[in-house]
Every structure is written in C-alpha cells, then in structure tokens.
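Labels below follow one simple rule: chain letters A, B, ... track the order of the sequence lines, proteins then strands, and each chain is numbered from 1.
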Number of protein chains: 2
Amino acid sequence: MEVDKKEEIKSESSEPVVTPWEVSAKDGGKIDYDKLIDQFGCQRLDESMIDRVQRLTSRQPHVFLRRGVFFAHRDFNEILDAFEKGDKFYLYTGRGPSSEALHLGHLIPFMFTKYLQDAFKVPLVIQLTDDEKCIWKNISVEESKRLARENAKDIIACGFDVTKTFIFSDFNYIGGAFYENMVKVGKCVTLNKAMGIFGFSGEDYIGKLSFPPIQAVPSFPSSFPHLFPGKDNLRCLIPCAIDQDPYFRMTRDVAPRLGYSKPALIESTFFPALQGENGKMSASDPNSAIYVTDTAKDIKNKINRFAFSGGQDSVEKHRELGANLEVDIPVKYLSFFLEDDSELEHIKKEYGEGRMLTGDVKKRLTEVLTEMVERHRRARAAVTDEMVDAFMAVRPLPSMFE
Amino acid sequence: MEVDKKEEIKSESSEPVVTPWEVSAKDGGKIDYDKLIDQFGCQRLDESMIDRVQRLTSRQPHVFLRRGVFFAHRDFNEILDAFEKGDKFYLYTGRGPSSEALHLGHLIPFMFTKYLQDAFKVPLVIQLTDDEKCIWKNISVEESKRLARENAKDIIACGFDVTKTFIFSDFNYIGGAFYENMVKVGKCVTLNKAMGIFGFSGEDYIGKLSFPPIQAVPSFPSSFPHLFPGKDNLRCLIPCAIDQDPYFRMTRDVAPRLGYSKPALIESTFFPALQGENGKMSASDPNSAIYVTDTAKDIKNKINRFAFSGGQDSVEKHRELGANLEVDIPVKYLSFFLEDDSELEHIKKEYGEGRMLTGDVKKRLTEVLTEMVERHRRARAAVTDEMVDAFMAVRPLPSMFE
C-alpha cells in the first residue's frame, strides 16, 4: 500500500530521486538543483544573504558560499535576524561512519561547518551515527563504534575548537533526555508518513524505522541538557548536503508539536565523482574519489586517468573550440578547493577558450589537492586519543555565552 | 498490503485474537487456551513438570501452578534441566505503567515471580516500560516516569528481595549495551514481520515500531553488563501473561542469530473481569476490577454488585440445580487467591451442589480479598523513596552466584 506510494514517487519521470540513501537524476544526467529546491520546498541562498553573512561576520564568506556549493536553506534568514540582535545559535552536523577513510566529498560539510563556527563563534554538536551504519551496512556494533572513533579523528583534523565542539556517537550517547526526545518524535510520525518521506518498504528492518528520530533530535537543545543547561530555546542551524533534507523536513514538521523551534538548514550540492556529475561518489569504487589517505602519486594518477575532462579530443580541436566547462571535473574540483578567485577565473577563461589544455588544469588540480590532503594528513596524525576523549566529553560548552 | 495480512488473521473466525493490546475470543465467549497454545506454538505446563518443580525447590508449588493459572511454557523444561545440574538462571518480568493504581490482575505475575525468586533463589530484573505507555497512551514523558516510580512501589510491596532484584524504567535505563542489543534486534526483524506479529498498521506511529526490541532485550543478560558481569550466557526465564507471547516469539526467533540463548517462558491465563470471563479487565471501567487502592467497603460493594454469579435465579432453583462453577466469578477469584486447597474444594462442592448460596461465596471472597488488599496496602505504605532507589540502583546482583 505504502509501497505503491513509493513507486508512484519514483515513476514521476522528471523529478530527481534524492533520499539519504539514493541520489539519481531521472534522465541519467545532472541533478537539477532548482527542481530539487521546488520539490523539497526549501529556499535558494541568494547574493543578498551572502552579503549579509559577510557584513555580520566581518569576514569574506567561505568559498563554498561564494561559489554556490551551499546553495539552499531553510530559515537561515531567521538565524541571521536573531544573530544580528545578539542571539546566538548552535550548529549541528554529523556523519555516518561507514568507512575508515573519508573522501573529499565527506570533508565538505565539516570544512564549511568549521568556517561557520569560526565566523559566528558558536558551539557545535557533531553526531556520528554508528548505529545507523550498523543497521544499513550490516557491520557489527563493535566495528561501527571503532569506525566512529576513527572518523572523529578526521573530523577533529578539520580544525574545530574543542572548547566549542561536542562530538558524540549514538552508541555511546543515546539515553536520558536524548532518548526522551526520540520517543517524543517517534509518537508524532506515522509509519505511512515515514515510508513516504524516506521510501522505506515492508522488507526493511524495523531498526531502520527507528532511526529518523535519532537523526532528528540533535536539532533540539533539550537533547543535550549537560551541554546547553537552561538554554532549551537555543536555535539550531544544520549545515549538510541536501540529501539529508528529508530527515529535517520531518524534524521541522514535528518540532512545533513538541514546543520546540524548527532547526534552520543550510544545504550543499553533491560533490561530483571523478568520472562525472551523476550523483555522489561511491565508496564501492575507490577510483571514483580522492581519499584523504591517498598518496601524492595516487592523487596524480586518479586525476590523470579518471577525472572526466571537458577538453576536446585533439589539441587542434581544443585550441579551436575550447573546453566544455559545464562537464569538466578538474574545473569543478578547482571551484571547490582553489581559494584564489582570480586564479580560478583565469583558468576558466583560458581553458574555456582553448589556450590552456586539460593537462595544465589537471596539473594545477593535482597540486591543490595534494597540498590539501597532505595538510589534512599531518593534522590527523597529530590527533591523539586524549583529544578525541576531550571532544567527546559531556560538559557544558561555556564559550557560547561569551 | 500488510494491513491485508492483519485483516486476514482477524477474519479466521475461530481463532482468538491475542496481542499485547487486544484480547478477544472470536465467538464473544471465553478464550480457548488450548487453541491459543496451538496458535502460538507454546507447550502446556503438565503435572509431571509441576511435580518436578516441587522436587527441585523442596516446597509446595505455588497456587498459580497447582491450579493452572500459569498453564503454558516455552523451554521451561530446559531451565529445570540446567537448574538440576546446578546452573542458575535469571527471571525477567515487567509492567507498562499506564495507571496509578494496580488491580489484582496486575499483581498476578509479580506474586508468581516472587514465588519463583524465593523457590529457585535467582536474580530478577523488572522492566517498567514507561516509554511504551508514553507512546501508546499518549501521556507525557514526565507523567510516564512518575507512574513508573509509583508502580515500582506496588511491585516492591509484593516482597521482592532487594539483594536479588533490579527494577528499571526504560526512560532511565536505555543506553549503552542495552541500546546496542536493541539495534541488533532491530536489524533482524522486518517491518512486514513486525506487522504480522503485532498487528501494526501504516497509521501507527514509528515509535510503536521501535518498541518490540525494547521489550525483547532484557531477555539477554548482556543488556545488563553491570548486573551480570561476565555472565553473558545466563539463561532467562520470563513469567508473564500469555498476551505478551508475541514479543518473546520474536525474541526467540532473533536470539540465535545474535549468538544468544532463547529466553524460556512460563505463561498465565488472563485474570477475568468481575463481570465475567471475556478477556482482561479494563482500566477504563473501575467497576470491572478490584484495585489495590479499594477500601474494604469498595471491595464488598464491587463483589456484591458486579461479580458475575453462576448461582440460580431463586434460592429454590439454586438448592435444586446448584451453581454453574464454569462461569461463576467469585469461585474463579477464590481459585486464584484462596490458598487452602481443601477449603476451595469444599466451597466448590457445596456451592456446585446448591447447598451454599452465592451470598456465602461472595462473603468469603470479600474476606479473602480484603485481607490481601489490606496486606498489600500496609506493605506499600512502608516502601520509602530510598527503597525504590535501592531497587533501581545499577549494581551487580551478587547473590545469584552463592
């Protein structure tokens, strides 16, 4: 019955299918993000808002804002209104620790969240959904917990401020007020509704049905009574990729019925695979992504062999027609990670008009990513077990009310 | 789709419908317990087993065993085999704290569990499912927690040994190893399966779908690492009313896949309402049951006015035909609570052959219940908050390995 509803959603030919577990454009091509905004009912993050962020934080907005990587939002304007009046908020993001090594796409929300934390000087909670991965990926509880701790090291390596950041894993943290909020959410969402939002079917395990409230409740400060004592009305801003939107549509639907504020969201596009822009990168194909564990040689090799090029087949044709920047992965990747706006514009112009060759662009991308990955690796190597324990310690986050 | 399966089960005309939330005989009459045993696939508790209990515990079996109140089991023989060889087990029972005052039907599993604890000298865990009641009865988290603590006092008043008994409420205890086992169970049961076992439908809240693993995991000693340290293979015996069987059918199905022993069960019939034997007593009709808070006057009044009588319409007819003991509630109640076997036999003979009148039987029942309820009330009044805390303290239960 609900399976029919699911089928119905899938058969609407022109709508992209985007859930936390599936991302696909119906025509096999690029995700149409404008359509996704309409379909999900969120708003586009416009120039005037980015200008406002610059004004309020007195610093240049992050590359991911300037270049439209974070492109959509829900109530981000309300967060800015409140901030302007002196009201703080807290950030909430997370990760499902399904693999030991993170790829560049995994780093994006954390790089951006670090910028938001620094720019707005706000506390942050990071949820590691080891329970989710245990259920979905069929890995053991012990292995899920181990991966959560390993991933925490990569997250800490992104440079978060330990005095403002709490990292927790579900297996370690669930209980008490957090569990009470899970129950409160669970009694507001019917099975039919969950099947509609998440595409669950009768063959799915009930463990999966239990999960949406778990990802929902970090949006409510009362889930963290020791972190935010007496601040049950603190607003929450969630930076995430747009495939996580279903969780928070559900959360925002439920929040007022529990007397809680709706969390605000700021949402990113997907980071494309090396092979081209059809959804997200895949953990099952190591050549589809650059990992933070890749050596300089791996990076060079992957970019040269697998990065989909918009350049022409021959040098002559390329000089004449220029590269197709719309499909060119090296240019896409540079637009995520090359910070210098003028250099990026220069590359796009020269490459697009055929004066620069694919090899030149790939060489520059190799430099940028190698430096970034080396920097991450050095930072991760410096993360000790004591530091992980410090980030995971349950304690008030006092710097928030400075 | 699964709703259809549910309908299908309901339309099998001759099968009684017994789930944790619904008990009804299809023909509107008495539950056919033999049919229920067949339908559920459990075993009848026979005389030879009761004799064995007597031999192993060196004491007379409880009235509830002698008179068939606890009438069915799953693997109880294995528990006895192991006990005979010197292997202990632990008891697990529980209560959904949906109301302040307990009625006599609520006391039955606890009275019997106390007997088992004393006779076998084994530890016991008692789960108060305040989260379940919060979801099903739509009462607040705070009120559910308060009711759990109030109910704990009534349970303690049944006389449990604090050195061998751990009482916990889900809202207070869920987390850690208990939660890990919940996730493990949740990834073994499909939604279709849960709908089949419990009769859930698409209109039910996902919170309900999350609950069966919560009632399942106290069957596994690894859910209580602080209570049973290093004893992950301790067998579990669950005394409960047979309407709870669906939870433990599921649990027993899942246990081997997790490397755990299946819990054994010993299951009771339902305690009949004052008005007659059509299912369980109803909290919504205070006159359908005797509560532990009823005064002597209430008890007398309820028995005289509402207890369904198998006596005849007139004294003359009664003297001639005798009472119909099969439907007579005072006799039923006496067979639960009058401990003296010979007096009970005497009453049944005299009443059944018309020499004793309904009024005489009701008078004797009033005495028995008034004394029992007064005794309970005195015991409950003596239960302090400190005692509740002591029963709820997480600590090893050392007496189990004496």
Is any side-chain heavy atom of [X] closer than 4.5 Å to a side-chain heavy atom of [Y]?
{"X": "A/Lys184", "Y": "B/Val141", "value": "yes"}
{"X": "A/Asp170", "Y": "B/Val183", "value": "no"}
{"X": "A/Lys187", "Y": "B/Lys208", "value": "no"}
{"X": "B/Thr190", "Y": "A/Asp204", "value": "no"}

| B/Ile206 and side chain to side chain contact (heavy atoms under 4.5 Å, CB included): which partner among A/Val189, A/Ile206, A/Val185? | A/Val189

| query | Will you find, in the side chains of B/Asp131 and A/Tyr179, an N or O donor that is under 3.5 Å from an N or O acceptor? | reply |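 The answer is yes; a qualifying pair exists.
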
Considering only heavy atoms, which portion of [X] lies under 4.5 Å from any heavy atom of chain B: side chain, backbone, both, or neither?
{"X": "A/Glu132", "answer": "neither"}
{"X": "A/Leu258", "answer": "neither"}
{"X": "A/Asp130", "answer": "neither"}

| Which one of A/Cys188, A/Ser140, A/Ala194, A/Pro213 has the most heavy-atom pairs closer than 4.5 Å to chain B? |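 Option with the greatest count: A/Cys188.
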
| query | Rounded to the nearest 0.5 Å, what separation is found between the CZ atom of B/Phe200 and the CG atom of A/Leu191? | reply | 9.5 Å

| Inter-residue atom distance A/Lys193.NZ - B/Glu203.CD, 0.5 Å rounding | 11.5 Å

| query | Top residue by heavy-atom pair count (under 4.5 Å) with chain A, among B/Ala177, B/Cys134, B/Gly207? | reply |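 Of the candidates given, the most pairs with chain A belong to B/Cys134.
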
